[in-house]
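Lettering of chains follows the sequences in order, A, B, ..., and the numbering in each one begins at 1. Keep in mind the model is a prediction, meaning the values are calculated, not measured.
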Number of protein chains: 2
Amino acid sequence: MALEHAILVSLLEKPGSGYELARRFDRSIGYFWTATHQQIYRVLKRMEGDGWIDVHEVSQQGKPDKKHYSVAAAGQAALSDWLHEPIEPESVRHDLAVKIRGAAFDDPAALIRQVERYQQAHSERLTHYLAGELRDFTGPDAPAHLDDMRELQHVVLRGGIAYERMTLAWLEDVLATLRRIQAARAAERPGP
Amino acid sequence: MALEHAILVSLLEKPGSGYELARRFDRSIGYFWTATHQQIYRVLKRMEGDGWIDVHEVSQQGKPDKKHYSVAAAGQAALSDWLHEPIEPESVRHDLAVKIRGAAFDDPAALIRQVERYQQAHSERLTHYLAGELRDFTGPDAPAHLDDMRELQHVVLRGGIAYERMTLAWLEDVLATLRRIQAARAAERPGP
DNA sequence: CTTGTCTATGAAACGAGTTGCATAGAGGAT
DNA sequence: ATCCTCTATGCAACTCGTTTCATAGACAAG
C-alpha cells in the first residue's frame with residue numbers, strides 16, 4: 001500500500017518517466033523498496049487519475065515518446081498525510097532463517113554452500129554501498145554542504161551499510177554453527 | 001512461495017493443528033515469516049492434497065475438533081529439495097526508509113514522533129528476544145546439551161538480536177539527523 | 001543480415017497476501 | 001442475562017505482486 005508513496009518521494013527528488021523510475025527501483029530506492037516496471041506503470045496511471053501527479057508527454061528523436069511525471073499538490077498532501085501515520089512494523093520474510101531451522105532435518109552441507117554464496121552477495125552489496133557513500137556523500141567530489149534531501153539519503157544509506165555489516169557478521173556465526181553440526185554428525189556416524 | 005516450507009519446518013519441529021501453527025507464526029517462526037490463519041489453513045489444505053503432510057482428526061471435549069498435521073515423506077523430500085535451491089535475496093520493503101527520504105519535503109516533526117515510537121517497539125522486541133534466549137538457550141533451565149534443532153533455533157534468534165541492536169543504533173542516528181534538520185530550518189525561519 | 005540490447009510503454013493472467021465475515025461451544029467477567 | 005475472549009475452522013472478495021507476452025524504432029556486434 002506504499003508503492004505510491006515511494007514513487008512520490010522519488011518524483012519529488014527528481015521528476016521523470018515510468019521507465020526512469022523503474023531503473024531507480026533497481027538502484028537507490030530499490031534497496032529499500034522493490035518494484036517492477038509493471039507495478040510502476042499501473043500505479044502511475046492510478047496516481048494520475050487521482051490527481052496526485054501531473055504528466056506531460058515528451059517527443060524524443062530516436063527514442064519512443066515518454067511521459068514525464070511530476071508531483072502535483074494533491075500528491076504532496078497525500079505524502080504528508082502518510083508521513084504522519086504510524087510507522088508499521090516491517091513484515092519480515094526471511095527465507096534464510098527458515099532454511100537454517102530446516103537444516104536440522106536435512107544434511108547441512110547443501111545449505112552451507114548456499115550460505116557461502118549468499119555471504120558473497122552481501123559482501124558485494126556492502127562494497128557497492130561504500131563506493132556509493134564515498135562518491136556521493138563523503139568523497140572529494142561530494143558537495144561541501146549537503147542539503148536536507150541528501151542528508152536524509154545519506155542516513156538511509158548508512159542504515160543499509162549497518163545492515164550489511166551486521167548480516168555479514170551473523171552469517172559467520174551461521175556458518176560456524178552449521179559446520180559444527182556437520183562435524184558432530186560425521187563423528188557420530190563415521191565413514192569407512 | 002515459501003510459506004509451505006516454513007510450515008514444513010514448524011511441523012517437523014513439532015506437529016500440530018492449523019490453529020497452533022497460526023499462534024507459532026505470531027511468535028518464534030513469525031519473527032522471520034509472517035502469516036495469518038487464513039493463509040495457513042489454505043496452504044495446509046493444498047499441502048494435504050499434495051501428500052506433503054498427514055492429518056488425523058482429534059475430537060476434544062469442551063473445544064472444537066482439531067486436525068492434527070504431521071510431515072509425510074513427500075513433505076520431507078520437498079523441504080530437502082528447497083534447501084538445495086539457492087537462497088534468494090530478501091525482497092525488502094522498508095516503509096521507514098521511504099518515510100525518511102520523504103521528510104525532506106515535509107515538516108520532520110511528525111516523523112520524529114513516529115520514529116520514537118518505532119524505536120520503543122524495537123527496544124521491546126529486543127528485550128523479548130533476550131528474555132527468550134535466557135529462558136531457552138543460556139539460562140539455568142536450559143538443557144546442558146542443545147540438540148541440532150535447538151542450536152539452529154538459537155543461531156536464528158542471535159540473528160534477530162543482532163538485527164534489533166543494529167536497528168536501535170541506526171535509529172539514534174536517524175533521530176539525530178532529523179533533529180539537526182529541524183533545528184537548521186527553525187534557525188532559517190525564526191518564529192516570533 | 002540477423003541477433004541482441006536499450007529505450008519506452010502496456011495488456012493479460014496468475015498467484016500470494018489481506019480483510020471482513022461466519023460458525024460454534026466453553027468459560028470468565030460485569 | 002449479556003458480553004467478551006479463547007479455541008478451532010473456513011468462505012468470499014479484494015488488493016498487491018509476479019510472470020509472460022507484445023510492440024517498436026535505434027543502434028551495435030557478430
Side-chain angles (χ1 to χ4, degrees), chain A residues 1-7 10-11 15-27 29-30 32-50 53 55-69 82 85 88-95 98, chain B residues 1-8 10-11 15-27 29-30 32-50 53 55-69 82 88-95 98:
Chain A
M1 195 62 102
L3 176 55
E4 286 94 327
H5 302 107
I7 288 175
S10 196
L11 286 178
S17 68
Y19 187 81
E20 282 161 356
L21 282 169
R23 279 185 312 165
R24 287 183 216 170
F25 276 82
D26 291 335
R27 294 184 288 104
I29 280 266
F32 321 106
W33 203 277
T34 55
T36 63
H37 79 274
Q38 278 308 324
Q39 271 181 86
I40 291 166
Y41 283 127
R42 209 199 289 145
V43 171
L44 279 173
K45 202 159 273 184
R46 183 169 67 224
M47 289 168 79
E48 195 195 326
D50 292 345
I53 50 177
V55 206
H56 85 119
E57 257 154 275
V58 181
S59 307
Q60 301 187 117
Q61 47 201 36
K63 292 175 185 176
D65 295 359
K66 68 174 182 180
K67 296 183 176 173
H68 193 87
Y69 292 99
W82 181 67
E85 283 174 23
E88 286 165 55
E90 325 82 292
S91 68
V92 190
R93 226 141 267 193
H94 285 305
D95 278 58
V98 179
Chain B
M1 196 61 103
L3 176 55
E4 285 96 325
H5 302 107
I7 289 176
L8 284 174
S10 196
L11 286 179
S17 69
Y19 187 82
E20 282 162 355
L21 282 169
R23 280 186 310 165
R24 287 183 217 169
F25 276 83
D26 291 334
R27 295 184 287 103
I29 277 268
F32 320 106
W33 202 277
T34 55
T36 63
H37 79 274
Q38 278 307 325
Q39 275 181 82
I40 291 165
Y41 283 127
R42 208 199 289 143
V43 170
L44 279 173
K45 202 159 274 183
R46 185 169 67 223
M47 289 168 78
E48 194 194 328
D50 292 346
I53 49 178
V55 206
H56 85 119
E57 257 153 274
V58 181
S59 307
Q60 300 186 116
Q61 47 201 35
K63 292 176 187 177
D65 294 359
K66 69 174 180 180
K67 297 182 177 174
H68 192 87
Y69 292 98
W82 180 67
E88 285 165 55
E90 325 82 292
S91 68
V92 188
R93 225 143 267 194
H94 285 305
D95 278 58
V98 179

**Q** So does B/Tyr41 get a side-chain nitrogen or oxygen closer than 4.0 Å to the phosphate oxygens (OP1/OP2) of D/dG10?
**A**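 Answer no for this pair, as no side-chain N or O of B/Tyr41 is under 4.0 Å from OP1 or OP2.
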**Q** Minimum heavy-atom separation for A/His37 to A/Ala22, with atom names?
**A**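 Looks like CB-CB, 3.9 Å.
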**Q** Considering just the side-chain nitrogens and oxygens of B/Arg93, establish if one lies under 4.0 Å of OP1 or OP2 belonging to D/dG17.
**A**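 For D/dG17, OP1 or OP2 has a side-chain N or O of B/Arg93 closer than 4.0 Å.
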**Q** Just wondering, do B/Ile29 and B/Ile7 contact through their side chains at under 4.5 Å, heavy atoms?
**A**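 No. Closest side-chain heavy atoms not under 4.5 Å.
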**Q** Rounded to the Å, how far apart are B/Asp65 CG and D/dT9 P?
**A**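 My rounded result for the distance is 9 Å.
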**Q** Out of B/Arg46, B/Arg42, B/Lys45, which residue meets the salt bridge (Lys or Arg N to Asp or Glu O under 4.0 Å) rule with B/Glu4?
**A**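 Result: among B/Arg46, B/Arg42, B/Lys45, B/Arg46 is the only option passing the salt bridge (Lys or Arg N to Asp or Glu O under 4.0 Å) with B/Glu4.
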**Q** Would you list the protein and nucleotides 23-29 of chain D atom pairs, both N or O, that sit under 3.5 Å from each other?
**A**
unit_1: D/dA26; atom_1: O4'; unit_2: A/Gly62; atom_2: O; d: 3.3

**Q** Separation of B/Glu20 atom CD from D/dT7 atom C1', in whole Å?
**A**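 After rounding, the reported distance stands at 10 Å.
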**Q** Quickly work out the A/Arg46 CZ to C/dG10 C1' distance and round it to whole Å.
**A**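 Rounding to the nearest Å, CZ of A/Arg46 and C1' of C/dG10 are 16 Å apart.
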**Q** Take the protein atom CE of A/Met47 and the nucleotide atom P of D/dC16, then report the distance between them rounded to whole Å.
**A**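 Those two atoms, CE and P, are 13 Å apart.
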**Q** Would one find a side-chain N or O of A/Arg42 under 4.0 angstrom from OP1 or OP2 of C/dA11?
**A**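 Checking C/dA11 against A/Arg42, no side-chain N or O comes under 4.0 Å of OP1 or OP2.
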**Q** When the distance from CG of B/Leu44 to P of C/dG17 is rounded to whole Å, what number comes out?
**A**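 Rounded to whole Å, this separation is 14 Å.
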**Q** If you restrict it to nitrogen or oxygen atoms, what contacts under 3.5 Å exist between nucleotides 20-23 of chain C and the protein, and what is each distance?
**A**
unit_1: C/dG20; atom_1: O6; unit_2: B/Gln38; atom_2: NE2; d: 3.2

**Q** Let's see if you can work this out: which of C/dA8, D/dT9, D/dG17 has an atom nearest to the side-chain heavy atoms of A/Leu3?
**A**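 Out of C/dA8, D/dT9, D/dG17, the nucleotide with an atom closest to A/Leu3's side chain is D/dG17.
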**Q** Figure out the NZ/P separation between B/Lys66 and D/dG10, and round it to whole Å.
**A**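 Taking NZ of B/Lys66 and P of D/dG10, I get 14 Å after rounding.
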**Q** If you round to the nearest 0.5 Å, how far is OH of A/Tyr69 from CD1 of A/Ile53?
**A**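 The distance works out to 5.5 Å.
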**Q** Do the rings of A/Trp82 and A/His5 sit parallel, tilted or perpendicular, given the 30° and 60° boundaries?
**A**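 Parallel, since the angle between the ring planes stays under 30°.
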**Q** Between the side chains of A/Lys66 and A/Glu20, is the shortest nitrogen-to-carboxylate-oxygen separation below 4.0 Å, so that they form an ion pair?
**A**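 A salt bridge is present here (some side-chain N lies under 4.0 Å from a carboxylate O).
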**Q** Respond yes when some side-chain nitrogen or oxygen of B/Ser17 is under 4.0 Å from OP1 or OP2 of D/dT9, and no when none is.
**A**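 So the side-chain polar atoms of B/Ser17 do come within 4.0 Å of the phosphate oxygens OP1 or OP2 of D/dT9, strictly under.
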**Q** So, do B/Asp95 and A/Glu90 sit near enough that their side-chain heavy atoms are less than 4.5 Å apart?
**A**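 Not touching, per the 4.5 Å side-chain cut-off.
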**Q** Please state how far atom CD in A/Gln39 lies from atom P in D/dT20, giving the value in whole angstrom units.
**A**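 Rounded to whole Å, this separation is 15 Å.
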**Q** Does a nitrogen or oxygen in the side chain of B/Tyr19 sit under 4.0 Å from OP1 or OP2 of D/dT9?
**A**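 Answer is no, no contact under 4.0 Å.
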**Q** State, yes or no, whether a side-chain contact exists between A/Leu21 and A/Leu44 at a heavy-atom distance under 4.5 Å.
**A**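 Yes - at least one pair of side-chain heavy atoms lies under 4.5 Å apart.
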**Q** Closest approach to the side chain of B/Lys45, judged atom by atom: which nucleotide of D/dC11, D/dT19, D/dG17 is it?
**A**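 Ranking D/dC11, D/dT19, D/dG17 by closest atom to the B/Lys45 side chain puts D/dC11 first.
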**Q** Find the distance between OG1 (A/Thr36) and CZ (A/Phe25) and round it off to the nearest 0.5 Å.
**A**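 So the gap between those two atoms works out to 10.5 Å.
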**Q** Just how far is it from atom OG of B/Ser17 to atom CG of B/Asp65, taken to the nearest 0.5 Å?
**A**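 Rounded to the nearest 0.5 Å, the OG-CG separation comes out at 11.5 Å.
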**Q** Which whole-number value in Å describes the distance from B/His5 NE2 to C/dA16 C1'?
**A**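 Those two atoms, NE2 and C1', are 15 Å apart.
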**Q** Closer than 4.0 Å, any side-chain N/O of A/Gln60 to the OP1 or OP2 of C/dT7?
**A**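 No.
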